[in-house]
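One structure is given here, and the rest of the page talks about it.
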Amino acid sequence: MIQDTLVRLVADAVAAAAPDLGLDASDLPPPEISRPRQKEHGDWSTNVALVLASRAGKPPRAVAEAVAARLAGADVIRDVEVAGPGFINFFLDRSWLDDALREILSEGDRYGRVPPLGQRVQVEFVSANPTGPLHVGTARNAAIGDSLANLLEAAGFDVEREYYFNDAGRQFDLFGESVEARYLQRFGVPAEVPQDGYQGDYVADIATDIAAEVGDSLVQGDPAERRARMIREAVERTVAGIHRTLERFNVRIDTWFSEVTLHQTGAIDDAVRRLRDAGFAYDSEGAIFFASTRFGDDKDRVLIRSNGAPTYFAADCAYVLDKAGRGFDRLVYVWGADHHGSVKRLEAAAQALGVRATVEVVLYQLVSFLRAGQPAKMSRRAGDFISLDELLDEVGSDAARYTLLTRSSDSPLDFDIELVTRQSMDNPVYYVQYAHARVASLLRMALQEGIVPLSPDDVPIGRLVEDGELELVRKLTEFPEVVALAGEILAPHRLTRYAEEVAAAFHRFYSECRVITEDRALTEARLALATAAKTVVATALSMLGVSAPESMERVDGAQEGDRVGRDVV
RNA sequence: GCGCCGGUAGCUCAGCGGAUAGAGCGGCUGCCUUCUAAGCAGCGGGUCGCAGGUUCGAGUCCUGCCCGGCGCACCA
């Protein structure tokens, strides 16, 4: 890529100028090359002179002049200037854009992706308790986690997606008791859903389902056995349901990890023992504590309660140890901001347990679901909540996923269900998809005219000279950088923003330049450019988990002006 | 009280320490006999919460303060 060429060129020039500048040539940072915001500042720019000026004890512009004077001529560089406080700006020959476009065309859907690095990363996300269907609050987690996994794959990591389900503990017991009560009621046996149990209709549905399968065979038997069986049957069904919902949401999970297994295999006891052996666990008030304060936590945390039961945190310790044992280099956790208080203790535990993998917690601020500006109520226990399935029924997976990924995860998100069903720019997913559909339509039309895509080497790229054409190419060349950065800083919304920029550049090109014309060569060049844009949009959307439609029907019978979304308030 | 996140255009938000801070929406003006107007072009709109500091350079980093959200269990 062009950046590499420029970095090398600049590094050589700096090295050559080093003696004159009084710099140690063996101790120079790699130069930074960036794209200036202003067009007048060239295609690419470097700030080396500004960085090195104080070290050289010379004015930045003098350093810049010295470096610029030693830049070896390269064919792509048309012009070099020293500007502003001491930037060195490069004006390139258009051939760099031609080469870049050919590269996109020949790489196709590999463009933007990097070859495997040989590093393994696990992304653990969603991980909602299997005490019922996924509700809408987990949607942001699912969208962020899955897209992050996609991004990390593109960045060359070997990625595993994992769902940790909490099928142990008080909450889960309550759920089992609730299902059991509903089951018994089916057969006229008096039973009550516990006071603080799960009242939702889906609990009765699960009970009905179990009843249909096993009949009344569990009514008479041993209550303890029945309870255990009920829990097993219930979790099986809720997890299967969650799986189906996630599939609808275009979320893939590789591994489903049950908390109960940590209890059963003795992994929790083992983790506690390790902490104790390492001197980080101690007895107090009948409980076992982890000395997390020694790693910067606010207070020490209980591992084993005075009643002998392990805490959820103890399971977390065992779990992180288990993950580490599976050989990951990075462990990414996706958590709602309401869990931020647990970050310190998790990091402390990983450190105390000697976990080598880096632990990275991605926190996202919570989503407020609205309906036409009014808060949409949801309280799971009362059984009165919006499920993710209902959301998908209403707004569709594409619009939901895209919308959830438009903001930085640090920013709280208002998700207005009504707004997101509108097909307007309140809802940019359509804007981006439309760019893709437009190209698909062009290609279909071209095919009818007997125009088939040329191989990248044969495309007369030189025919592209309009601003709208060259700006589009330029925008497309940013894709690999965006993917790399978004992956590096674990920020999928960077990709969302970029997708909109590409779509904007494409729409401008489309309205400025007629693609299919009598001029065959020009048609071929523009068609190739449109194809490249289509590829980049499709790849970006796929990383976001959003589909790239081949066509989008215009909303029915609309005259100008009353197209859906245009005039709705 | 402590911790985390936020405070940027009328609204919702982008912005990897760089040069003159951006987008969408909303408002106003234009553009469909031609490849999808779910589109394009243009106009207006800013003390980047406040005060210090670091730096050649701060919306971006540090400190303090103000405002808002979330969290501070032998719950999960």
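Note that the structure is predicted; figures quoted are calculated from it, not measured. Computed over heavy atoms, backbone and side chain alike; hydrogens, waters and symmetry mates excluded. Below, read A as the first sequence line, B as the second, and so on, with proteins coming before strands; counting in each chain starts at 1.
- Spacing of C1' atoms, B/G71 relative to B/A9, comes out at 32 Å, to the nearest Å.
- Each of B/A76, B/C40, B/A37 was ranked by its minimum atom distance to the side chain of A/Tyr510; first place goes to B/A37.
- The aromatic rings of A/Phe289 and A/Tyr282 sit parallel to each other, their planes meeting at less than 30°, with 60° as the upper class boundary.
- Not one side-chain nitrogen or oxygen of A/Arg407 sits closer than 4.0 Å to the OP1 or OP2 atom of B/G6.
- Remark: A/Arg276 does not engage A/Asp269 in a salt bridge, criterion side-chain N to carboxylate O under 4.0 Å.
- The base of B/A19 lies close enough to the side chain of A/Asn89 for a donor and an acceptor atom to sit less than 3.5 Å apart.
- With hydrogens and angles left out, the side chain of A/Asp410 and the base of B/G6 share no donor-acceptor pair within 3.5 Å.
- For the C1' atoms, the distance linking B/C13 with B/G7 amounts to 12 Å, nearest Å.
- Atom pair A/Arg422:CZ and B/U12:P shows a separation of 16 Å (rounding to whole Å applied).
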Discussion item. Checking A/Asp414 against A/Arg407 for the salt bridge (Lys or Arg N to Asp or Glu O under 4.0 Å) test, could you report, in this order, the C-alpha distance in whole Å, the side-chain angles of both residues, the deciding distance, and whether it holds?
Written reply: CA-CA 10 Å; A/Asp414 280 345; A/Arg407 308 278 160 78; over 6 Å; no
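- By the 30° and 60° cut-offs, the orientation of the rings of A/Tyr312 relative to A/Tyr164 is perpendicular.
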A correct dot-bracket answer for RNA chain B, with pairs being Watson-Crick or G-U at under 3.5 Å, [ ] for crossing pairs and | for inter-strand pairs, is (((((((..((((....[...)))).(((((.......))))).....(((((..]....))))))))))))....
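- Donor-acceptor pairing under 3.5 Å, judged by distance alone, is absent between the side chain of A/His339 and the base of B/G71.
- B/C35 atom P lies 17 Å from atom CG of A/Leu522, rounded to whole Å.
- A/Ser408 comes within 4.0 angstrom of sugar-phosphate atoms only, judged by non-hydrogen atoms across all strands, and of no base.
- Rounded to whole Å, the P atom of B/A14 lies 16 Å from the corresponding atom of B/G24.
- Per the geometry, OH belonging to A/Tyr282 stands 12 Å off C1' belonging to B/C74, to the nearest Å.
- Below 30°, between 30° and 60°, or above 60°: for A/His339 and A/Trp335 the angle between ring planes is between 30° and 60°, a tilted geometry.
- For a distance-only test at 3.5 Å, the side chain of A/Gln365 fails to qualify as a donor-acceptor partner of the base of B/C70.
- Rounded to an integer number of Å, the gap from CZ of A/Phe313 to P of B/C72 is 15 Å.
- Other residues, nucleotides and ligands contribute more than 12 heavy atoms inside 6.0 Å of the CD atom of A/Glu360.
- Ranking B/A76, B/A23, B/A19 by closeness to the A/Arg37 side chain, first place goes to B/A19.
- Contact check, A/Arg508 against B/C40: no side-chain N or O comes under 4.0 Å of OP1 or OP2.
- At B/A23, none of the side-chain N or O atoms of A/Tyr498 fall inside 4.0 Å of OP1 or OP2 (strictly under the cut-off).
- Among the nucleotides B/C74, B/G39, B/A76, the one closest to any side-chain atom of A/Val302 is B/C74.
- Closest approach to the A/Thr311 side chain among B/G18, B/G39, B/C74 is made by B/C74 (side chain taken as heavy atoms from C-beta onward).
- The nucleotide whose nearest atom lies closest to any side-chain atom of A/Ile516 is, among B/G39, B/C16, B/C35, B/C35.
- Nucleic acid contact class of A/Lys299 (heavy atoms, under 4.0 Å, all strands): sugar-phosphate only.
- With rounding to whole Å, A/Arg497 atom CZ is found 11 Å from B/A23 atom P.
- For A/Glu40, taking side-chain heavy atoms from C-beta onward, the closest of the listed nucleotides B/U20, B/A76, B/G71 is B/U20.
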One pair to check against salt bridge (Lys or Arg N to Asp or Glu O under 4.0 Å): A/Asp316 and A/Arg345. What are the steps and the verdict? CA-CA 10 Å; A/Asp316 262 355; A/Arg345 77 192 68 153; over 6 Å; no
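- Taking atom P on both nucleotides, B/U20 is separated from B/C11 by 27 Å, rounded to a whole Å.
- B/U63 and B/U54 have their C1' atoms separated by 11 Å, with the value rounded to a whole Å.
- A/Tyr198 is not listed as a side-chain neighbour of A/Val179, based on a closest heavy-atom distance of 4.5 Å or more.
- B/A51 and B/G22: their P atoms are spaced 23 Å apart (whole Å).
- Between A/Ser411 and B/A14 there is a side-chain N or O to OP1 or OP2 distance below 4.0 Å.
- If you check B/A19, B/G39, B/C74 against the side chain of A/Gln38, the one that comes closest is B/A19.
- For the P atom pair drawn from B/G39 and B/G26, the interatomic distance equals 10 Å after rounding to whole Å.
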Could you go through the salt bridge (Lys or Arg N to Asp or Glu O under 4.0 Å) check for A/Glu471 and A/Lys39 one step at a time? CA-CA 11 Å; A/Glu471 289 306 309; A/Lys39 218 175 169 179; 3.7 Å; yes
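- Taking for each of A/Pro60 and A/Leu363 the nucleotide of RNA chain B with the nearest heavy atom, the 5'-most of the two is the partner of A/Leu363.
- A/Glu524 has a carboxylate O that lies under 4.0 Å from a charged side-chain N of A/Arg520, or vice versa, which qualifies the two as a salt bridge.
- As judged by a 4.0 angstrom heavy-atom cut-off over every strand, A/Ala287 is placed among the base-contacting residues.
- Here the nucleotide nearest the side chain of A/Ser306, chosen from B/C35, B/C74, B/A23, is B/C74.
- Contacts of A/His41 with the nucleic acid, taken as non-hydrogen atoms under 4.0 Å apart, include base atoms.
- The base of B/A19 is paired with the side chain of A/Ser45 by a donor and an acceptor separated by under 3.5 Å.
- With B/C72, B/C35, B/U20 as the choices, the nucleotide that has an atom nearest any side-chain atom of A/Ser441 turns out to be B/C35.
- Of all heavy-atom pairs between A/Ala168 and A/His263, the closest is CB-CE1, 3.8 Å.
- Per the geometry, CG belonging to A/Leu413 stands 20 Å off P belonging to B/G24, to the nearest Å.
- The residue A/Ala437 sits close to a base: some heavy atom pair falls under 4.0 Å.
- In this structure, A/Asp338 and A/Gly84 both approach RNA chain B, and ranking their closest nucleotides by distance from the 5' end singles out A/Gly84.
- Ranking B/C70, B/C35, B/G15 by closeness to the A/Arg494 side chain, first place goes to B/G15.
- Contact annotation: A/Arg444 does not reach the phosphate of B/C35 (side-chain N/O to OP1 or OP2, under 4.0 Å).
- For B/G15, one of the phosphate oxygens OP1 or OP2 lies less than 4.0 angstrom from a side-chain nitrogen or oxygen of A/His493.
- B/C48 and B/C61: their C1' atoms are spaced 16 Å apart (whole Å).
- Look at A/Phe87 and the base of B/G18; the rings do not stack under the cut-offs of 5.5 Å between centres and 30° between planes.
- Nucleic acid contact class of A/Glu488 (heavy atoms, under 4.0 Å, all strands): none.
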Does A/Glu481 form a salt bridge (Lys or Arg N to Asp or Glu O under 4.0 Å) with A/Arg494? I'd like the steps, not just the answer.
CA-CA 11 Å; A/Glu481 297 155 51; A/Arg494 292 295 192 114; over 6 Å; no
